[in-house]
Amino acid sequence: MCIICLVAFLFCITAVQCSSSNTSKLIEDSGQSFMERMNMGKTSFIYFGNDVNPTIKQFLDQLEMSADALEDYGISVAKVNCSKEAIASYCTDEKLMTKAYLFRGSEVLRSFDIDTVFDVNAIVSHVLFTVLFNEVRYVHTPSELLLVENAAKQMRDVVVGHIPVLGLPEHRALMEAAFVYGSKYQFVQTTGAPILKHMGVDDLSSSQTRLWFMHCKDVSNQIDRCPCTPMRKPLDTINIHTFLQLMEAPLVTETTADPSEVNVIHNHLSVPVLYLFSQPQTKHLDGVTAQTVALQLRGEVGVVLVHRDSANVKTPLQYNAAYQLPQEDVKYITVNSAEEIVKHFKEELIQENKMIEDEEENNEEHLSDLDILDDEVSESLYRDRDVMLDLESVTELTSDSFQSAVTQNKITVVLFYYKWDAVCMAFMHTYIEVADALEDVNGLVLAAVDCGEWTDICSDQNVTSFPIIMIYRPIEASQVYRGMLGTNSLQKFILLSLISGPVSLSSSAEVLSFLEGDLYRKHADLSSIRVLGLFTSVHDAGVTAFEEAAKLLRGETIIGLFAHKEAEKWVEGLSVNLPALLVSRGPQVSREAYYLPSSSAEDLVSFIQRAVLDPFPELTVENLPWHLQLGKPLLLLFVGKYDSTESTTSLAEMKHLLSSGQLHSFLPCWIHLGRTPIGRSVLEKFLGFVPPLPALVISQLSAGGEVFLFPPGRPLKAENILQWLRAVEKRDEYPAGVIPDKEWGPSVPFYDFLAIMDQEAPGYASQRGPKMKTGSKESHREQKDKGSNQRQTTHSSSNPHKPHKHSEL
Ligand SMILES: *[C@@H]1O[C@H](CO)[C@@H](O)[C@H](O)[C@H]1NC(C)=O
Ligand SMILES: *[C@@H]1O[C@H](CO)[C@@H](O)[C@H](O)[C@H]1NC(C)=O
Ligand SMILES: *[C@@H]1O[C@H](CO)[C@@H](O)[C@H](O)[C@H]1NC(C)=O
């Protein structure tokens with residue numbers, strides 16, 4: 001494919017008028033073509049209308065332009081004329097209809113009032129923002145930004161765009177960059193003033209858009225902030241692209257060539273280059289100076305350190321620096337200090353920036369920048385844009401190879417996708433990452449089927465939503481992956497899938513080793529939970545259904561089966577009869593036992609899923625929003641970084657209280673400050689100080705944001721905790737802090753997270769999986785929720801179909 005065409009395309013998407021074809025991409029759907037579209041699973045933006053007034057006419061013109069632009073992202077744009085085809089639930093009786101909908105398949109991702117999507121920029125930015133809502137994080141407060149930052153450390157760099165007004169060209173430029181670079185960087189969008197202040201911007205009143213690059217990839221500890229470089233040029237597609245290239249370039253380039261011969265990426269990006277010279281005697285010091293200068297000029301000027309002892313360097317000794325402005329020759333200068341150089345350059349830049357801004361008035365001129373991008377740059381652009389190029393570790397299946405692949409390998413994981421679907425392509429990156437990581441696993445193949453090309457396979461496999469992942473094993477029915485579309489969850493699922501379901505155990509010794517996690521020790525990181533079905537004999541009526549359920553749960557949970565006369569021994573003293581289910585959450589943790597009802601495999605699946613859900617969860621940044629959904633006051637135990645006896649005992653005391661059913665009006669949970677360092681700042685914000693750990697806190701999030709602290713110094717014993725809880729309920733205790741909601745907005749950093757997500761992407765909170773989901777996944781989640789609610793409220797229910805819980809404690 002022509003590389004220059006691709007670059008040209010990128011520029012075209014910012015300037016619609018350079019589109020050479022005059023044919024409209026806006027499709028008018030009939031009832032039938034609308035139905036077909038719904039069934040294809042493709043992403044489409046559709047306006048349903050009746051009469052046309054001037055406002056709607058204007059919108060339709062813009063819609064037509066956006067059809068061109070969105071086609072490049074695999075999103076089709078259509079309109080339905082309701083006076084010709086009355087399509088149920090979208091066509092209404094209104095004469096003037098003002099709603100447009102973004103669909104993926106038949107699922108509405110979001111509806112927009114045409115006031116919101118008022119022009120082509122607004123349409124493109126809002127549609128891309130919705131489609132990429134897992135890729136682009138919306139952040140409102142500094143603490144939320146900190147969460148993103150911490151999660152990105154050691155993984156990827158973060159690009160933060162401050163967009164005060166949505167739907168303008170700057171918003172579109174950011175979203176288009178996120179589409180192209182979203183697999184490489186974590187994109188963040190923010191609108192709020194608190195972030196500006198946090199980033200050190202003084203003029204909070206300005207409605208200027210801004211962009212920062214946070215260098216998080218190389219930060220390995222949780223304490224340091226990621227170094228941050230602001231982009232100083234106006235936020236448009238070319239400037240963002242240039243800026244990101246600059247961020248990838250080395251801070252200082254060393255060379256033995258003469259400045260006039262040097263060729264660095266900055267030359268190609270029309271960025272000034274500064275040359276500093278290094279002498280053999282002062283090599284180290286010169287290096288440090290160059291780094292210091294480069295840090296101050298990062299993103300604006302490239303810094304090159306020239307080793308003067310090289311025979312190639314012709315610069316006369318009287319000069320100790322040189323610079324080169326775009327399209328100009330190298331100029332040699334003598335300076336006295338590093339500060340002088342920086343000052344000199346900042347002044348040059350101000351001049352130059354003025355010039356650039358003047359030039360930008362003229363679009364033709366602007367487009368001539370095209371020539372400047374050399375092949376190296378455009379190639380990386382090409383690579384980032386089209387991840388399909390790098391499918392090495394993923395086997396592409398065709399009609400001919402599909403059957404043999406899924407019947408010959410021990411496990412074949414197949415991703416069904418559409419090349420033109422933005423979500424599929426965004427996910428492809430994750431999938432390749434997983435495939436790379438699992439390349440050496442025996443008997444495992446990660447494959448992909450392009451449903452645009454191999455429609456027959458996809459219809460045979462009943463694939464209706466995209467992207468979707470299915471697991472195939474010889475002879476057995478295929479299994480749908482229902483987890484989140486992220487690297488970690490998918491990888492975990494696949495590795496756990498390799499374990500047979502159920503693991504068949506033949507002696508009490510094996511049972512012990514299974515429950516304590518010695519068996520499958522190398523999977524301990526993936527899941528510390530072991531679930532065991534206990535039956536008196538393999539001929540028991542329930543065994544078949546249990547085996548079937550264990551198969552369906554492969555990848556989610558490690559499940560064992562012990563059908564043996566010694567099974568009785570494992571429920572002794574637990575007041576549960578066989579058949580029973582034991583849940584072990586790790587060695588030295590008391591096990592929970594449930595009576596196993598005799599029911600179908602599907603019912604057993606949800607029974608086991610409910611039993612496995614942790615009643616006393618450890619909160620992490622990822623799972624907190626899920627637990628908060630229950631809407632209960634948090635009873636939060638903060639334990640220190642190092643596992644002390646106090647931590648262990650206090651955790652055990654809490655579990656004891658929990659199993660006695662006395663905490664039902666709270667969500668008891670704990671945070672390990674070592675694993676979740678943000679917990680410390682939460683605590684600090686709750687109380688204004690960090691008390692000795694472990695610390696127990698109630699936060700009445702719903703009732704005025706009061707925070708209560710269990711008196712430090714009093715032993716964290718079950719009876720003391722109960723006494724304190726009663727005192728808090730009777731309001732005999734004074735709050736130790738109030739969640740400061742003025743200054744910080746939603747300052748419990750997590751709490752308003754869902755509300756914010758919901759504002760930005762309605763339905764997010766209720767869907768709760770961060771990615772677009774299939775219907776089946778939705779119901780799966782709902783089941784889980786119901787399970788956890790039921791457990792809290794019907795604790796000692798005698799209904800045999802609810803987990804009836806006993807603990808060894
Ligand atoms: C392109 O379309 C516009 C408006 O529909 C029309 O006025 C113009 O003549 C067309 N140009 C070409 C080259 O077809
Ligand atoms: C629908 O069709 C009618 C009749 O052809 C036309 O007057 C009206 O403008 C069309 N509406 C839209 C939204 O295209
Ligand atoms: C697809 O669905 C049909 C009808 O429900 C069923 O008979 C067939 O076995 C399914 N195919 C697969 C591969 O699941």
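One-based numbering, in listed order, for ligands and for the atoms of each.
In E248, the CD atom is crowded: over 12 heavy atoms of neighbouring residues, nucleotides or ligands sit closer than 6.0 Å.
In this structure, the ring of F112 has its center no less than 6.0 angstrom from the ring center of F118. For Y101 and F48, the gap between ring centers is short of 6.0 Å.
Those atoms of ligand 2 with a heavy atom of S83 less than 4.0 angstrom away are 1 (C), 2 (O), 3 (C). Taking every non-hydrogen atom of K84 and a distance limit under 4.0 Å, the qualifying atoms of ligand 2 come out as 2 (O), 5 (O).
The line from CD of E28 to NZ of K84 is 4.0 Å long, rounded to the nearest 0.5 Å.
Contacts between E28 and ligand 2 below 4.0 angstrom, taking non-hydrogen atoms only, are absent altogether. By the criterion of a heavy-atom distance under 4.0 Å, the backbone of N50, and not its side chain, is placed next to ligand 2.
On a distance-only criterion, K79 and ligand 2 share at least one N/O pair closer than 3.5 Å.
If you check each of L60, L63, N81, V52 against atom 1 (C) of ligand 2, the one with the closest non-hydrogen atom is N81.
The aromatic rings of F416 and F402 sit tilted relative to each other, their planes meeting at an angle between 30° and 60°.
Note that atom 14 (O) of ligand 2 has protein non-hydrogen atoms nearby, at separations under 4.0 angstrom.
Applying the disulfide bond (SG atoms under 2.5 Å apart) definition to pairs two or more places apart or across chains, those involving residues 43-137 are C82-C91.
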